[in-house]
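These notes concern the structure reproduced below.
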Amino acid sequence: MKQSANRTLSLFILLFIIPGYMLMAQQAVTDPAVEEQVTKKKKEKDGDDSTAKKIKLFKDAEPMQMSITADIRKMLAEKKDTVFQRAVVKINLPDSSIALDTIEMRARGNFRRDFCYFPSVMLNFKKQNVKTRTSSLGKIKMVCTCKTGADFEQLVLKEYLCYRIFNLLSEKSFKVRLTKVNFIDSENKRKPFSYYGFLIEDIDDLAKRNGCKEYEVKNLHTELTDRSFMTLVSIFQYMIGNLDWSVPAGHNVKLILTRDSGFARPFAIPYDFDYSGLVNAPYSLPPENLGTSSVTERLYRGFPREMSEVEPIIKLFNDKKADIYTLINNFEPLTKKEKNGMIRYLDEFYNTISNPRSIKTTFVDNAREN
């Protein structure tokens, strides 16, 4: 009798209770709200993993070895900056392993596509529904040597150092990674060529690294950005002799905004320094409307500030002077001649900020009015 009762209970569990639990589990999995939460958490995790890998990529200062095989003639002939083409990339990853992957690549930069023999490029490692060794890198900009020859390669190295100098001044800056790239023509119509270039951190990764998000808005007045940071950026641009930037026009400046910022103002992050006096590229020309005769002639384009606002920024530049000079002098790929030229140009800036009177004249009395 007892055995019969146990068999009846077991049958009841099999027929009614277990199917009920299975149905509840199935509903939990297929419920749209639950699925949305799971998907969101997965994306956040994947995004964090991707960002972490990119940050690791930009932590190492050693030149990274890379080869790119593509139809070089096709890329050079393409004038639209929206057309990607297939390329095979071989890259030494931060963990010292080597990855071979098929990616997409396109030329970028209006001026460089027209003027340069080989323009800068956008590398797209991301694949739809496919994970590879490099897919987490997403899209990364790469600055290439504009024309063949050692002199133009030195220009790329000097622009790379401009980014590194601003890295020393603020974490709110684009990280860069020096890369030795070997370009191979897949059609065998051009000889392989190898030059230095550098990868630039994506704006979304820069923003996330600083607890921010990209702030996309047009025609924002410069003085509506973070006041102290804008002072830093303006003095940095004066330091390297760069006039090729504008916040309202969104020219060579990206904006990021603190998440849940309330009434906080965005930070203006500078990039693209090949027109600066510190690089002194032969193709660079000063803006016609500012009255300067060459790109090496400095002109302060910051808005009016009090000395109390300028002095802490000047102190930062003085505190970082030794690090900046060491960065340049220890940078092996740059020739001694170019190193000396950069140091002489920076000496002029440091002579200016060594005197309180010249600080006031340059950054307070002669600040721009509009």
Side-chain angles (χ1 to χ4, degrees), residues 162-163 165-174 215 217-258 263-280 284-321 324 342 344-370:
C162 289
Y163 281 91
I165 290 171
F166 196 61
N167 290 160
L168 293 173
L169 298 170
S170 175
E171 277 297 310
K172 293 182 178 68
S173 57
F174 283 99
Y215 185 61
V217 62
K218 295 181 180 179
N219 301 318
L220 182 74
H221 194 282
T222 306
E223 287 296 79
L224 293 179
T225 64
D226 183 273
R227 187 175 177 90
S228 178
F229 192 78
M230 194 68 249
T231 307
L232 169 65
V233 170
S234 299
I235 295 178
F236 167 74
Q237 298 281 29
Y238 177 84
M239 174 194 192
I240 67 172
N242 187 33
L243 298 173
D244 189 33
W245 62 282
S246 169
V247 173
H251 181 57
N252 294 336
V253 170
K254 291 286 187 181
L255 300 174
I256 62 173
L257 185 65
T258 305
F263 295 101
R265 294 183 173 189
F267 302 94
I269 316 298
Y271 68 95
D272 202 349
F273 308 118
D274 65 318
Y275 263 54
S276 68
L278 192 59
V279 173
N280 196 19
S284 58
L285 297 171
E288 295 180 358
N289 61 327
L290 296 181
T292 52
S293 58
S294 72
V295 294
T296 57
E297 183 179 345
R298 288 185 173 94
L299 178 67
Y300 184 60
R301 297 295 290 157
F303 281 85
R305 296 288 188 268
E306 300 293 333
M307 278 293 288
S308 60
E309 297 177 281
V310 172
E311 286 170 345
I313 307 299
I314 296 299
K315 182 179 184 303
L316 173 63
F317 279 91
N318 281 319
D319 290 344
K320 295 295 182 180
K321 179 181 178 180
I324 292 170
M342 293 186 77
R344 284 195 300 270
Y345 193 72
L346 293 177
D347 280 343
E348 296 173 5
F349 167 77
Y350 276 103
N351 286 337
T352 298
I353 67 171
S354 65
N355 186 305
R357 180 174 295 178
S358 63
I359 292 173
K360 184 175 185 299
T361 300
T362 304
F363 305 115
V364 177
D365 298 339
N366 291 331
R368 63 184 295 181
E369 297 179 357
N370 52 54

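Throughout, numbering of the chain's residues begins at 1 and tracks the sequence.
By the 4.5 Å heavy-atom criterion applied to side chains, I235 and F349 are counted as neighbours. Side-chain contact between P270 and F166 is present, with heavy atoms from C-beta onward closer than 4.5 Å. Counting heavy atoms from C-beta on, the side chains of T362 and Y238 come closer than 4.5 Å. Residues S246 and V253 have side chains not in contact (no heavy-atom distance under 4.5 Å, counting atoms from C-beta outward). Side-chain contact check for C162 versus V279: some heavy-atom pair is nearer than 4.5 Å. Inter-residue side-chain proximity for T222 and P248 is flagged as met; some heavy-atom pair is nearer than 4.5 Å. Proximity of L169 to K320: side-chain heavy atoms (C-beta onward) are separated by under 4.5 Å at one or more points. Proximity of V295 to S276: side-chain heavy atoms (C-beta onward) are nowhere separated by under 4.5 Å.
Annotation: cation-pi pair R298/Y345 present, NZ/CZ under 6.0 Å from the ring centroid and within 45° of its normal.
If you take CG on L278 and OG1 on T296, they are separated by 11.0 Å, rounding to the nearest 0.5 Å. Here the CD1-OG distance, from I165 to S170, works out to 14.0 Å after rounding to the nearest 0.5 Å. Going from atom CE of M342 over to atom CG of N280 covers 10.5 Å, rounded to the nearest 0.5 Å. A distance of 11.5 Å separates CD1 in I353 from CD1 in I313, rounded to the nearest 0.5 Å. Here the CZ-CG distance, from R265 to L220, works out to 9.0 Å after rounding to the nearest 0.5 Å. Separating the NZ atom in K360 from the CG atom in D365 is a distance of 3.5 Å, to the nearest 0.5 Å.
The ring pair (Phe, Tyr, Trp, His ring centres under 6.0 Å) test with F236 singles out one residue from F317, Y300, F229, F273, and that residue is F273. For the side-chain contact (heavy atoms from CB on, under 4.5 Å) criterion with F267, the lone passing option out of L255, T258, L232, L257 is T258.
Scanning for side chain to side chain donor-acceptor pair (under 3.5 Å) contacts around E311 gives an empty result, with sequence neighbours left out. Residues passing the side chain to side chain donor-acceptor pair (under 3.5 Å) test with R368, sequence neighbours excluded: none. Taking H251 as the reference, nothing meets the ring-ring contact (aromatic ring centres under 6.0 Å, His included) condition, with sequence neighbours excluded.
We find that E348 and R344 are not joined by a salt bridge, their nearest charged nitrogen and carboxylate oxygen being 4.0 Å or further apart.
Outside the 6.0 Å centre-distance limit, the rings of F303 and F363 are not counted as a close aromatic pair. Under the 6.0 Å cut-off for aromatic ring centres, Y271 and Y163 do not qualify, their centroids lying 6.0 Å or more apart.
Side chain to side chain, T231 and R305 meet the donor-acceptor criterion of an N or O pair below 3.5 Å.
Judged by distance alone, the side chain of N252 and the main-chain N or O of D244 form a donor-acceptor pair under 3.5 Å. Without hydrogens or angle criteria, Q237 side chain to V233 main chain gives no donor-acceptor distance under 3.5 Å. Side-chain atoms of S354 come within 3.5 Å of backbone atoms of N351 as a donor-acceptor pair (strictly under, hydrogens ignored).
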